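Computed from a prediction, not measured in an experiment: that's the story for all the values here. First the proteins, then the strands, lettered A, B, ... as listed; each starts at 1.
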There are 2 protein chains.
Amino acid sequence: MSMICDMATSRPGADGSTGLHARLVETLGMAICGGELPPGRVLFIDELVSRHAVSRSVVREALRVLASMGLVASRRRVGTQVLDASLWNVYDPLVIRWRLATGGRIAQLRSITELRTAVEPQAARLAAARVRPIDASELVTLAGRLWAAGQDGRMDDFLALDIEFHHRVLTASGNEMFEHLHQPIAEVLSGRHAYGLMPSHPHVDALQMHADVASSIQRGDGERAHDAMVAIMNRTMDETRHLWDMQSQSTTPA
Amino acid sequence: MSMICDMATSRPGADGSTGLHARLVETLGMAICGGELPPGRVLFIDELVSRHAVSRSVVREALRVLASMGLVASRRRVGTQVLDASLWNVYDPLVIRWRLATGGRIAQLRSITELRTAVEPQAARLAAARVRPIDASELVTLAGRLWAAGQDGRMDDFLALDIEFHHRVLTASGNEMFEHLHQPIAEVLSGRHAYGLMPSHPHVDALQMHADVASSIQRGDGERAHDAMVAIMNRTMDETRHLWDMQSQSTTPA
DNA sequence: ATAGAGTGTTAAGTCAGACTTATGCAAGGC
DNA sequence: GCCTTGCATAAGTCTGACTTAACACTCTAT
């Protein structure tokens with residue numbers, strides 16, 4: 001991997017770096033997404049300097065980054081105000097991560113899962129038309145290993161393979177916006193696993209659907225790949241829908 | 001609109017603000033997205049201070065924001081390096097805007113248009129299940145006005161109504177990630193209009209499809225709303241596909 | 001000749017003080 | 001009660017100093 005790509009991990013919080021900037025962005029971001037700093041709350045630079053024992057420039061730089069994510073907005077004479085959740089950039093990888101780690105988890109999980117139902121079938125269709133033969137072959141191989149891991153109940157392997165499978169489909173779609181969704185999708189899949197939301201043994205039907213997606217993509221059958229992925233997404237929705245049905249839907253009209 | 005929402009416009013460049021920070025973010029962001037600062041190029045803080053006649057803290061804050069968008073990465077002793085386009089956050093509203101305004105226009109246009117073919121049909125389906133009656137009624141009204149503007153050839157009105165129509169469908173879907181796509185979609189629709197990529201008179205079939213979406217949503221017929229929106233998106237793809245077919249597809253596998 | 005260790009230089013990161021500027025809010029006048 | 005004005009407040013910007021991470025080069029041992 002070239003150095004140009006290596007350097008991307010220097011994003012605040014992205015690599016667990018311990019720089020003051022990255023830590024403050026993480027601390028404030030989590031506090032905002034978790035509701036500890038609720039919308040409307042006004043923050044002052046000098047107060048944050050004292051509370052977090054860092055210099056003014058560390059605070060200012062952190063607030064600039066949070067503002068670009070839509071979490072806060074600064075105004076002269078007023079201070080820096082925490083914004084309503086509806087203004088947050090829900091596609092920012094860190095916002096997604098913070099919400100999945102805090103009280104916004106269910107809302108974020110539902111948002112991404114619904115987005116997946118739209119995106120992944122279409123990605124499968126495009127992949128069937130654009131995939132390189134070598135990548136299609138690897139996808140079929142991946143589906144085979146997924147099957148074996150599922151049958152054996154090796155859930156850690158299954159999770160890793162499942163993430164890789166969906167990543168490969170998104171990449172093969174040839175659409176950069178689809179491809180960039182792989183990281184939040186990976187986090188959602190990891191989260192489902194961590195929260196015990198996946199069956200202890202994937203149903204053989206689910207395993208077959210993944211195989212269908214792979215072989216349809218390999219054969220260039222976009223419609224069939226699309227439909228097989230729709231089936232996977234419908235099953236995923238059925239398995240996770242109860243999570244948000246159990247609580248008031250903040251984004252569902254009253 | 002409450003002050004909490006008002007303050008969101010303080011994002012750098014979002015409101016044409018003339019602060020030094022916002023201007024530098026815009027200048028560097030456009031230069032990077034436009035290829036004037038190509039991937040691999042190393043920037044030094046002191047050089048940027050001289051070239052742009054601003055202080056070090058203005059430069060540092062701007063680079064922090066650009067780094068959070070994935071456009072650059074700073075490393076001690078090395079400098080700040082422009083990253084490969086594959087690492088940019090393609091969902092960041094400013095990155096989208098800069099690419100639409102520079103050489104990345106066609107790639108971004110294609111990405112968003114393909115994303116729309118995935119998202120908007122699903123949004124229409126969800127909207128049918130979730131829309132409030134008052135909003136459904138307004139959507140039908142909007143479709144009627146769209147029809148009239150299209151028939152009369154009032155293209156400015158047609159554009160504004162078209163943007164509003166798609167925005168309302170995305171909002172009615174009840175999914176925040178769908179809703180947040182309305183801004184880049186609006187920019188794409190505006191861009192198509194500005195580049196003369198829309199027919200001077202929308203075909204009556206296209207007008208009918210919008211009416212179908214609206215009435216299906218009002219009747220709660222998700223499948224029909226979905227299919228009508230698929231028809232709109234297919235037509236949109238047919239009208240714009242030649243733009244990227246004319247040039248080497250950077251995201252299509254070789 | 002090559003690999004590893006050590007060191008120095010380089011650039012970012014952090015700190016602190018000073019000054020500027022936008023603007024919100026309160027007071028006073030009409 | 002409303003409008004204007006002035007002041008205080010907080011962010012924005014500038015500058016100098018210092019710290020620190022780490023890259024690159026040199027030297028030594030094998």
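- Without hydrogens or angle criteria, A/Gln81 side chain to A/Gly40 main chain gives a donor-acceptor distance under 3.5 Å.
- For the pair A/Arg75 and C/dG24, the criterion of a side-chain N or O lying under 4.0 Å from OP1 or OP2 is met.
- A donor and an acceptor atom sit less than 3.5 Å apart, one in the side chain of A/Arg56 and one in the base of D/dT13.
- Scanning atom types as modelled, one donor and one acceptor separated by under 3.5 angstrom connect the side chain of A/Arg76 and the base of C/dT21.
- For A/Arg64, a side-chain nitrogen or oxygen approaches OP1 or OP2 of D/dT13 to under 4.0 Å.
- In this entry the distance linking CD1 of B/Ile45 with P of C/dT10 reads 16 Å, nearest Å.
- The side chain of B/Arg60 sits closest to C/dG13 out of D/dC14, C/dG13, C/dA22.
- In this structure, the side chain of A/Ser173 engages the main chain of A/Leu170 through a donor-acceptor pair within 3.5 Å.
- For A/Arg77 and D/dA8, the shortest distance from a side-chain N or O to OP1 or OP2 is not below 4.0 Å.
- Nearest to the side-chain atoms of A/Leu20 among the listed nucleotides D/dA11, C/dC15, C/dA12 stands C/dC15.
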Item to complete: Apply side chain to side chain contact (heavy atoms under 4.5 Å, CB included) to A/Leu28 and A/Leu48, showing your working.
Response: CA-CA 10 Å; A/Leu28 294 177; A/Leu48 293 170; 4.1 Å; yes
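- The side chain of A/Val58 lies closest to C/dT14 when the candidates are C/dA12, C/dT14, D/dC14.
- Distances were taken from every side-chain heavy atom of A/Val54 (C-beta onward) to each of C/dA12, C/dC15, D/dC14; the shortest belongs to C/dC15.
- Contacts of A/Leu43 with the nucleic acid, taken as non-hydrogen atoms under 4.0 Å apart, involve only primed sugar atoms and P, OP1 or OP2.
- Distance from the side chain of B/His21 is smallest to D/dT13 among D/dT13, C/dT14, D/dA21.
- Contact annotation: A/Ser55 reaches the phosphate of C/dC15 (side-chain N/O to OP1 or OP2, under 4.0 Å).
- If you measure from atom CD of A/Gln81 to atom P of D/dT9, you get 19 Å, rounded to the nearest angstrom.
- Enclosure of atom CD in B/Gln183 by more than 12 non-hydrogen atoms of other residues, nucleotides or ligands within 6.0 angstrom is indicated.
- Whole-Å rounding puts the B/Asp46 CG to D/dA17 C1' distance at 13 Å.
- Computed from coordinates, the B/Leu63 CG to C/dA11 P distance equals 15 Å when rounded to whole Å.
- Remark: the backbone N or O of A/Leu83 is paired with a side-chain donor or acceptor of A/Trp88 at under 3.5 angstrom.
- When each of A/Glu61 and B/Phe44 is assigned the nucleotide of DNA chain C with its nearest heavy atom, B/Phe44 is the one assigned upstream, toward the 5' end.
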